[in-house]
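Here the structure comes first, spelled out in structure tokens, and everything after it is commentary.
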Amino acid sequence: MPFIPTTEADRRAMLEVIGKESVEALFVDIPASRRFPPLKLPQGISELEMLREIETMSAKNLTSGQAAWFLGAGAYNHFIPSLVPALASRGEFLTAYTPYQPEVSQGTLQAIFEYQSMAAELLGMAVVNASHYDVATALAEAILMAWKIDEARKRILLPANLHPEYKDVVKTYFSSFDVEVVEYAGAPETAPVDRLTACLVAGYPDFSGEIYPLEAGAAKAHAAGALFIVQADPIMCSVLRSPGSQGADIVVAEGQSLGNPMNYGGPYLGMMGATEKLMRKMPGRIVGEARDHEGRRGFVLTLTAREQHIRREKAVSNICSNQGLVMLQSCIYMAAMGSRGLRTIASLCYDKAHYAAARIGEIPGFRVMTKSFFKEFLVSTPKPADDISTAFAKRHIVPGFPLSRYDSSRPKELLVCVTEMNTKVEIDKLVSALKEVSA
Amino acid sequence: MNLVQEPLVFELTSPGLVGCSLPRSDVPAVALPAGLARESLALPELDELTVVRHFTRLSQKNYSIDTHFYPLGSCTMKYNPKANETAAAMTGWRNAHPLMGDAHSQGSLELIYRLQSSLAEIGGFTAVSLQPAAGAHGEFAGVLMIRDCLKARGQDQRTKMLIPDSAHGTNPASCTMAGFTTQTVPSGRDGNIDMKALAAVLDGTVAGIMITNPNTLGLFEKNIARIARMVHEAGGLVYGDGANMNALTGVFKPGKSGIDVMHFNLHKTFSTPHGGGGPGAGMIAAVRELAPYLPGPIVARKAGRYALAMPELSIGRVKAFYGNFGVLVRAYAYIRMQGAEGLRKIAENSVLNANYLRARIEKSYKLKYTRSCMHEFVAMGDVAPGIHTLDIAKRLIDYGFHPPTIYFPLIVPEALMIEPTETESKRNLDAFADAMLAIAEEARTKPELLHQAPSTTPVGRLDEVTAARCPVLCYRS
């Protein structure tokens, strides 16, 4: 049997020490009629056969390496330096668990502390946790944090232009509670904030790619006693003012862009940062610095009184296992890129996206709808965007995300994403193909 | 183990360096939006070799399954097959986008479908969702499903969930997040749920019970069928916490025992790596009546084609997209290599190994329950005056073992929860048992060795109290 190193001789010797006749005898507590049911599963196969089968299955996907790729919408095609998977796949990182015993987990703990530090700098926040499942669940729990401060404040303001799947997750997380989710259009400071508002949520950028300055929204929320929560693009935060510097109380972001593959939607990385005032209300694990009796610096899981294993039904959140390895990959990515590298990547995304938008905007029938954008912008198309997308796939071009997939009332809108992975040649190829559509 | 203090990345900075080569731009530069440009970003600046050495040296400060025996009870620290890693790293998976559309995602959809079916068969359930990202996430989804099913029956006055006193903290925490209150049901002297106490609390306000089987004491809940019947007759539903499924694969199907909805931890039973805290995956399975409420979308098959579909009465999305797909690939690869026969051997050998360790150390460590255990057992670490479980745990480190789970479950004082798993050899088990016996002896004759432990690690016991009182959670230059 794969991975079981116990021989028949071992088994006999062990049973003798235990004082039982057979392994079956160890299962007497299970009702006899229900013991050892047959499993209708195929016979086990060798590693060689398994890899062959899985490789064949994986080849049925159309992937970013096979096309000129302009699809984003929550999962991004960014470059992953070779050293990221090389270091993260080390067995000492990969096969360790939650650092409950800090003396034998300083590798994991120090890496988490470094991640927290770099993410705090990037997002402009005082405290960052060790990860949440993804940006959608991080956003839902950020809103829960805001609402729990004063549950009488039942109004939650979300941008109409928030990723529809993130809206769905927020709805699920609040489905047991009496709250009112109100959507607003345009800049965050135009939202109907009042004294019943728990929080004002803003995208930075929003789902159409639009960047709004955040200070006015933050001021309006705070004047009404509400929290200001920002969902940000982490790479954009390296070249534009951080949400924290503009007054955000909580920032959430999708860390998949920082050194993690698209992987058909997961595992991703819910980044979450907050102000010092909100530190003890944050969900998730947090690592802090500590000293041993000889004064040596080490790191430990801390502020554990927030968590489920201590507070149980009174815990801030039920989260236990997080996205540790994905966080580690982002940590290594940020360390390797550093401030220069990350800002260079951001500039490449920004410049290439603007080049693409300028050329697309010149094509008759096409109009760029987003005014101020980073790497994604919304394009109005002369023919249904979904048809364009379907036709282009055969030509190995993935032009973007047709909004009709989420909203059938928007058939002629395409969300185009350009990153450092796109060459000018690819962008020109996209533009030529789109020109044929309008002709 | 690397005992040398490793500086923080910020402390290794040298202005002007980048740890990765970057392409030049092939398009014109564009000015950033007025007034929004960020002046500076204080991230480290390192060369590539420094980054590689830094994280390599950090990794050498960890105990891990790849390096040490790691008997953390209820975590199932079994060998994480390298074959899983190869399967998950294939570019067909890594470079697949969740919104590419079903027609171009048949590979991913087929894998999810096959894994859904396999897990449904292993558990004895009708349908499965692989969207939850962790066990606790699955618990949250499951409790929401119970809420909706009861509402559909016109029973939304049932807002209380029963939880055994041995339950993992995520159980009550998940209930709170789903808007339920909780009531504790005590365990009896045999370590199983106290049936009389259970009967006394079953009334019209009870939504159901959350049961872990085997429970956190490593004992099979003998009365599971009767408990389920009682709860159902009282109008409630039964949630199964499958964290301990490693004792039952191919041996017992929880879905046939009266459990209505259950989660498995793919990072426990199904060998996906723990990654220093995650990512896991928390499959949730349901019997026929609750299947329509599963979180989604899930994958359906029609005429040989796979498609995403939302269960008809779904509680909704619990996360964006479809689940921790990269983790799902590993679990599927593992199940394919095991097959039906292999899955049964997992349960048999994990239970054999746990009972063997129990038999080897029971003369030195009091056991709360002396009957056969399942895949884990709980011993008590207060083997000598002034010695606590914490001391045993820290001294085990000096012997080259990761400690077992300590101080859980809460109902056993000085608890040491030991789960060897099926992937450890008898030689490893004997080495661990010998170390435990030696430490028990030291506890009596040389207790200072335990109190000062560990002494072979980069840092000794850390002052966690001060760390929490004056938190330093970020590097500040």
Side-chain angles (χ1 to χ4, degrees), chain A residues 1 5 10 14 18 29 39 41 43-44 47 54 58 60-64 81 87 90-92 95-98 103-104 106-108 117 133 136 165 168 172 176 261 263-267 288-290 292 298 308-309 312-313 315 318 320-325 335-336 338-339 341 354-355 424, chain B residues 9 18-20 26-27 30 41 43 45 55 58-59 61-66 83 87 90 92 94-96 98 104 106-108 133-134 136 169 172-174 179 220 274-280 316-317 320-321 324-326 339-340 342 345 356 359 425-426 457 459-460 462 467 472 474-475:
Chain A
M1 286 300 121
D10 290 334
M14 289 161 75
I18 295 167
D29 281 351
L39 291 181
L41 289 175
Q43 209 175 37
E47 176 180 336
I54 291 197
S58 75
K60 296 178 189 172
N61 286 344
L62 174 60
T63 62
S64 57
L87 291 165
R90 287 182 67 87
E92 300 96 323
T95 71
Y97 197 21
T98 307
E103 301 91 334
V104 292
Q106 286 300 298
T108 296
S117 305
Y133 308 131
E165 298 205 20
D168 285 348
T172 306
S176 296
N263 259 328
Y264 198 61
E289 204 178 274
D292 72 3
Q308 48 77 28
H309 58 294
R312 301 177 70 86
E313 70 279 356
N318 71 343
C320 184
S321 284
N322 56 19
Q323 301 290 103
L325 199 81
S339 39
H354 281 78
Y355 172 75
K424 179 172 174 292
Chain B
V9 281
V18 183
C20 179
D26 49 6
V27 297
V30 179
L41 177 67
L43 289 188
E45 294 177 76
F55 287 99
L58 281 185
S59 77
K61 291 169 183 285
N62 275 359
Y63 275 15
S64 62
I65 298 172
D66 273 10
M90 292 175 182
R94 284 171 59 92
N95 296 338
H104 295 291
Q106 287 295 298
S108 298
S174 300
F220 187 80
H274 292 84
R317 291 182 182 281
F321 311 128
N324 280 347
F325 183 79
K345 291 284 173 233
Y356 179 66
S425 65
K426 181 173 177 294
T457 47
V459 292
L462 293 158
V472 174
C474 262
Y475 171 78

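Chain A is the first sequence line, chain B the second, and so forth, proteins listed ahead of strands; every chain is numbered from 1. Atoms considered below: every heavy atom in the structure, side chains included; atoms not considered: hydrogens, waters and symmetry mates.
For A/Thr98 against B/Gly277, the heavy-atom pair with the smallest separation is OG1-CA, 3.7 Å. Contact detail for A/Ala335 and B/Val9: the closest heavy-atom pair is CB-CG1, 4.1 Å.
Of the residues considered (B/Gly342, B/Ser425, B/Cys474, B/Cys20), B/Cys474 shows the highest number of contacts with chain A, using heavy-atom pairs under 4.5 Å. The candidate from A/Arg312, A/Lys60, A/Glu313 with the greatest count of non-hydrogen atom pairs under 4.5 Å with chain B is A/Arg312. Of the residues considered (B/Ala136, B/Ala359, B/Gly316), B/Ala136 shows the highest number of contacts with chain A, using heavy-atom pairs under 4.5 Å. Listed options B/Gly92, B/Gly19, B/Ser64, B/Gly339 were ranked by heavy-atom pairs under 4.5 angstrom with chain A; first place goes to B/Ser64. For the set A/Pro261, A/Gly341, A/Gly338, the entry with the most heavy-atom pairs within less than 4.5 Å of chain B is A/Pro261. Contact count versus chain A (heavy atoms, under 4.5 Å) is highest, among B/Ala87, B/Gly169, B/Gly280, for B/Gly169. Taking chain A as the reference chain and counting heavy-atom pairs below 4.5 Å, the highest number among B/Gly179, B/Gly276, B/Ala134 is found for B/Gly276. For the set B/Arg317, B/Lys61, B/Lys426, the count of heavy-atom pairs under 4.5 angstrom toward chain A peaks at B/Arg317. For the options A/His354, A/Glu103, A/His309, A/Gln323, heavy-atom pairs under 4.5 Å to chain B are most numerous at A/Glu103. Ranked by non-hydrogen atom pairs under 4.5 Å with chain B, the options A/Ala136, A/Gly298, A/Ala315, A/Ser321 are led by A/Ser321. Interface check for chain B: of the options A/Thr108, A/Thr172, A/Asn61, the most heavy-atom pairs under 4.5 Å are formed by A/Asn61.
Of the two parts of A/Leu87, only the side chain, counted from C-beta on, holds a non-hydrogen atom closer than 4.5 Å to a non-hydrogen atom of chain B. For chain B, the nearby parts of A/Ala96 are the backbone and the side chain; heavy atoms of each come within less than 4.5 Å. Interface residue A/Tyr355: only side-chain heavy atoms are found under 4.5 Å from chain B.
Here the rule is side chain to side chain contact (heavy atoms under 4.5 Å, CB included) with A/Val104, and of B/Val459, B/Thr457, B/Asn62 only B/Thr457 fits it.
Expressed to the nearest 0.5 Å, how far CZ of A/Arg90 lies from CG of B/Leu58 amounts to 10.5 Å.
Under a 3.5 Å cut-off, the side chain of A/Thr95 and the backbone N or O of B/Asp66 do form a donor-acceptor pair. For B/Asn324 (side chain) and B/Gly326 (main-chain N/O), no donor-acceptor pair under 3.5 Å exists by modelled atom type.
For the 3.5 Å distance criterion, the side chains of A/Thr63 and B/Asn95 fail to qualify, holding no donor opposite an acceptor.
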